[in-house]
K.L.:
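Dropping a structure here in structure tokens format, bear with me for questions.
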There are 2 protein chains.
Amino acid sequence: MKKEVIFTDILNCPVRNVLDRIGDKWSLLILMVLNQNEVLRFNEIHQAIGDISQKMLSVSLKNLEADGLVNRKVYPQIPPKVEYKLTDLGKSLLPHVDALAGWSNQNMQTILANRASYQKS
Amino acid sequence: MKKEVIFTDILNCPVRNVLDRIGDKWSLLILMVLNQNEVLRFNEIHQAIGDISQKMLSVSLKNLEADGLVNRKVYPQIPPKVEYKLTDLGKSLLPHVDALAGWSNQNMQTILANRASYQKS
DNA sequence: CCGAATCCTGTGGGATACTG
DNA sequence: CAGTATCCCACAGGATTCGG
């Protein structure tokens, strides 16, 4: 067993970079919803998630678009119509997200039980 | 292509539950450091991460312990000695974390480039 | 050495109202 | 419909100090 401490590359750590974007309150959820539906309009995502504010949905989508994970297509008409879908980059991330979601589903009960029994000590 | 909007189970979504814990600023990083080293003492983790405050390391470790992802072993001696290591549950999560980290490593350059070119528009 | 306790600040993010 | 703009606050998290 190696016992030398590996220093995490503080400044340029990719995990931090990605997690700072994806680890916020809504991004992963948005990605998963988009993954389930191929193409969605703004309000469809809004309703799908339910308890996200317009502001945060807007901000989150913009971030995801900036990172190139989500594509935004505007139809110049009135009333406006905007469609969102995953880019190839976004799609390449989603298996890992789903894996995480799968693990969460399998182990949530255990975790909740752990938390409960931890309380009593 | 199905266009029916799937509502996320707002209240009991496992992904949210797990992400609220794991998606904070430090937890994943701590898990990865522990994964690289089998057993670590408090200060070893502290130094390995570098820019984490004592408080947040303490809090994060406690949360991870409460969820049953990390095991904490205290040696009752002076000066104190405390060892941390992953539980089996924690170990079962780590492949997915590593997968995410791997994806991050592979695609960070692309993402950074996307962000940069997004600025100019 | 391993934290707990306290204090303090920045900001993530909600509510609401307005616009093209 | 698809957002922006504004206001506002809770809380994550840093700095510092104290204790066993």
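Per chain, numbering begins at 1; letters A, B, ... match sequence-line order.
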K.L.:
Following the transitive rule for hydrophobic clusters with a side-chain heavy-atom cut-off under 4.5 Å over Ile, Leu, Val, Met, Phe, Trp and Tyr, establish whether A:Val74 and A:Leu64 coincide in one cluster.
P.N.:
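In one cluster: yes.
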
K.L.:
First locate atom CG of A:Leu86, then atom CG of A:Asn71, and finally report the distance between them rounded to the nearest 0.5 Å.
P.N.:
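One gets 9.5 Å once the value is rounded to the nearest 0.5 Å.
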
K.L.:
Could you state the interatomic distance from OG1 (A:Thr110) to CG (B:Leu69), rounded to the nearest 0.5 Å?
P.N.:
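Separation between the atoms: 10.5 Å.
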
K.L.:
Is any side-chain N or O of A:Lys25 under 3.5 Å from a base N or O of C:dG13, one able to act as donor and the other as acceptor?
P.N.:
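Looking at the base of C:dG13, it does not pair with any donor or acceptor on the side chain of A:Lys25 (distance under 3.5 Å).
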
K.L.:
Using OP1 and OP2 only, check whether a side-chain N or O of A:Tyr84 sits under 4.0 Å from D:dC1.
P.N.:
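A:Tyr84 to D:dC1 OP1/OP2: no side-chain N or O under 4.0 Å.
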
K.L.:
Rounded to whole Å, please give me the gap between CD in B:Glu44 and P in C:dG3.
P.N.:
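Computing the B:Glu44:CD to C:dG3:P distance gives 13 Å.
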
K.L.:
Atom CG in A:Asn63, atom OH in B:Tyr118: separation rounded to 0.5 Å?
P.N.:
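Between A:Asn63 CG and B:Tyr118 OH, I get 8.0 Å after rounding to 0.5 Å.
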
K.L.:
Does D:dA2 have its OP1 or OP2 closer than 4.0 Å to a side-chain nitrogen or oxygen of A:Ser58?
P.N.:
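No.
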
K.L.:
Are B:Val33 and B:Met56 in one and the same hydrophobic cluster, where Ile, Leu, Val, Met, Phe, Trp and Tyr link if side-chain heavy atoms are under 4.5 Å apart?
P.N.:
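Same hydrophobic cluster.
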
K.L.:
Atom CG of A:Leu64 to atom P of D:dG3: distance rounded to whole Å?
P.N.:
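Atom CG in A:Leu64 sits about 13 Å away from atom P in D:dG3.
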
K.L.:
What is the distance, rounded to the nearest whole Å, between atom CD of B:Gln77 and atom P of C:dC2?
P.N.:
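Answer to the nearest Å: 10 Å.
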
K.L.:
Report the distance from atom CG of B:Leu19 to atom C1' of C:dG12, rounded to the nearest whole Å.
P.N.:
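Atom-to-atom, B:Leu19 to C:dG12, this comes out as 16 Å.
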
K.L.:
Distance check needed: C:dT9 P versus B:Met56 CE, whole Å only.
P.N.:
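My rounded result for the distance is 18 Å.
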
K.L.:
Quick check on DNA chain C: between B:Val74 and A:Trp26, whose nearest nucleotide comes earlier from the 5' end?
P.N.:
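On the 5' side of the pair lies B:Val74.
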
K.L.:
With respect to the side chain of A:Pro80, which nucleotide from D:dC1, C:dG3, C:dG13 is positioned closest?
P.N.:
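Nearest nucleotide to the side chain: D:dC1.
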
K.L.:
Specify the separation, in whole Å, of atom CG of A:Asn63 and atom P of D:dG3.
P.N.:
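For the pair A:Asn63 CG and D:dG3 P, the rounded distance is 14 Å.
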
K.L.:
Taking only side-chain nitrogens and oxygens of A:Lys62, does any of them come within less than 4.0 Å of OP1 or OP2 of D:dT4?
P.N.:
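So the side-chain polar atoms of A:Lys62 do come within 4.0 Å of the phosphate oxygens OP1 or OP2 of D:dT4, strictly under.
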
K.L.:
Starting from P on D:dC1, measure out to CZ on A:Arg72 and report it in whole angstrom.
P.N.:
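Interatomic distance, CZ of A:Arg72 to P of D:dC1: 16 Å.
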
K.L.:
Check the phosphate of D:dA2 against A:Arg41, side-chain N and O only, distance under 4.0 Å to OP1 or OP2. Yes or no?
P.N.:
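Affirmative; the distance criterion is met.
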
K.L.:
Could you tell me how far apart B:Lys55 (NZ) and D:dA12 (C1') are, to the nearest whole angstrom?
P.N.:
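Between C1' of D:dA12 and NZ of B:Lys55: 7 Å.
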
